[in-house]
Amino acid sequence: MVDRRERSRERLQQAALELFTLNGYAETTAVAIAERAGVTERTFYRHFGDKREVLFGDGDRLVRLLVDALPHPPEPPGQALRSALSALATDMTPRRERLARRAALVKAHHELAERELLKLQSWAQALARVLIDRGIDELTAVAQVEVALALFRTAFTLWVTSDDDAADLECMIDRAYAAAGLPLNGRREPK
């Protein structure tokens with residue numbers, strides 16, 4: 001049952017991305033997305049509150065991935081966050097083409113860009129909460145999370161807009177850390 005439900009969700013997300021790209025975001029309806037995915041409109045609304053949400057449906061899963069990938073102390077918070085970003089890069093790498101199309105749509109539509117910022121804010125809050133719960137003071141936790149996510153956003157944007165098909169998100173993150181003058185914590189040097 002879970003697999004079938006997850007497949008429906010993935011088909012809806014893929015159909016939405018295709019239709020948004022083909023027909024435009026404003027012109028695409030939830031009904032059209034459901035039809036293209038081969039499901040009912042009711043199924044669409046079982047998974048997503050509206051057509052905007054279909055582009056952000058992985059948010060909860062990604063927050064869990066980030067939080068679960070945070071190593072426990074004694075690893076310093078900056079190093080722990082870099083490990084979490086590494087897990088995120090591993091998760092995203094196979095979906096680069098899809099994420100690039102999604103990023104272009106988000107950039108082109110103010111309401112989607114706004115939603116993207118809210119998603120990133122939820123990531124920041126979840127990560128900071130975990131660090132604080134693990135004994136890191138609030139200022140350090142919030143500052144470290146904000147820096148890590150800013151570097152991730154920079155790397156992600158470069159990655160999805162790069163003409164280099166061999167571009168690697170993990171390397172882009174390393175390059176962003178190096179450009180900011182932050183240590184790579186024993187990781188490979190960026191290319």
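All of these numbers come straight from a predicted model, not from anything done at the bench. When a residue number appears, it is its place in the shown sequence, counting from 1. No hydrogens, no waters, no symmetry mates; every other heavy atom, side chains included, goes into these values.
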Chemist: Which atom names give the shortest non-hydrogen contact between Val63 and Ala126, and what distance separates them?
Modeler: CG1-CB, 3.6 Å
Chemist: Less than 4.5 Å apart, any side-chain heavy atom of Leu81 and any of Leu131?
Modeler: yes
Chemist: Same cluster for Leu99 and Val54 if Ile/Leu/Val/Met/Phe/Trp/Tyr side chains link at under 4.5 Å?
Modeler: no
Chemist: Rounded to the nearest 0.5 Å, what separates atom CG in Leu112 from atom CG in Leu117?
Modeler: 11.5 Å
Chemist: Ignoring hydrogens and geometry, is there a side-chain-to-backbone donor-acceptor pair from Thr43 to Val39 under 3.5 Å?
Modeler: no
Chemist: Ala167 and Met172: which non-hydrogen atoms are nearest, and at how many Å?
Modeler: CB-CE, 4.1 Å
Chemist: Quick check on Arg42: does its CZ atom have over 12 non-hydrogen neighbours (other residues, nucleotides or ligands) under 6.0 Å away?
Modeler: no
Chemist: Using atom types as modelled and distance alone, determine if a side-chain donor or acceptor of Arg134 lies under 3.5 Å from a backbone N or O of Pro77.
Modeler: no
Chemist: So, does Arg9 use its side chain to make a donor-acceptor pair with the main chain of Gly57 at under 3.5 Å?
Modeler: yes
Chemist: CG of Asp168 to OG of Ser162: how many Å apart, nearest 0.5 Å?
Modeler: 10.5 Å
Chemist: Compare every heavy atom of Asp91 with every heavy atom of Arg95, then report the nearest pair and how far apart it is.
Modeler: NH2-OD2, 2.6 Å
Chemist: Can you give me the closest heavy-atom contact between Tyr45 and Ala30, atom names plus distance?
Modeler: OH-CB, 3.3 Å
Chemist: Name each donor-acceptor pair under 3.5 Å that joins a side chain in residues 140-152 to protein atoms two or more places apart or in another chain, with its distance.
Modeler:
residue : atom : partner : partner atom : Å
Thr140  : OG1  : Asp137  : OD1          : 2.7
Thr140  : OG1  : Asp137  : OD2          : 3.1
Gln144  : OE1  : Gly78   : N            : 3.4

Chemist: Kindly compute the distance separating CH2 (Trp123) from CG (Leu118), expressed to the nearest 0.5 Å.
Modeler: 13.0 Å
Chemist: Taking all heavy atoms of Thr90 and all of Pro94, pick out the closest pair and write down the distance.
Modeler: O-CD, 3.4 Å
Chemist: Could you name each residue pair satisfying salt bridge (charged side-chain N to carboxylate O under 4.0 Å, His left out) that touches residues 105-124, not counting sequence neighbours?
Modeler: Glu53-Arg115, Arg102-Glu116, Glu116-Lys119
Chemist: Do Val160 and Arg101 come close enough that some side-chain heavy atom pair is under 4.5 Å?
Modeler: no
Chemist: Any sub-3.5 Å donor-acceptor pair from Thr28's side-chain atoms to Leu19's backbone N or O?
Modeler: yes
Chemist: Do Val106 and Phe56 have side chains that approach each other closer than 4.5 Å (heavy atoms only, starting at C-beta)?
Modeler: yes
Chemist: Measuring from atom CD of Glu10 to atom CD of Gln14, what distance do you get when rounded to the nearest 0.5 angstrom?
Modeler: 9.5 Å
Chemist: In the structure I gave you, are the side-chain heavy atoms of Ile173 and Trp159 within less than 4.5 Å of one another anywhere?
Modeler: no
Chemist: I need the minimum non-hydrogen distance between Ala80 and Leu70, along with the two atoms involved.
Modeler: O-CD2, 3.4 Å
Chemist: To the nearest 0.5 Å, how far apart are NE2 in His109 and CZ in Phe20?
Modeler: 8.5 Å
Chemist: Can you list the steps and then say if Arg82 with Glu75 is a salt bridge (Lys or Arg N to Asp or Glu O under 4.0 Å)?
Modeler: CA-CA 11 Å; Arg82 182 60 188 90; Glu75 193 162 341; over 6 Å; no
Chemist: Going by heavy atoms in the side chains, are Leu105 and Leu17 under 4.5 Å from each other?
Modeler: yes
Chemist: Can you find a side-chain donor-acceptor pair between Gln13 and Arg98 that sits under 3.5 Å?
Modeler: yes
Chemist: Between CD of Glu97 and CG of Asp165, what distance do you get to the nearest 0.5 Å?
Modeler: 9.5 Å
Chemist: Is there a donor-acceptor pair under 3.5 Å between the side chain of Arg36 and the backbone N or O of Ala15?
Modeler: no
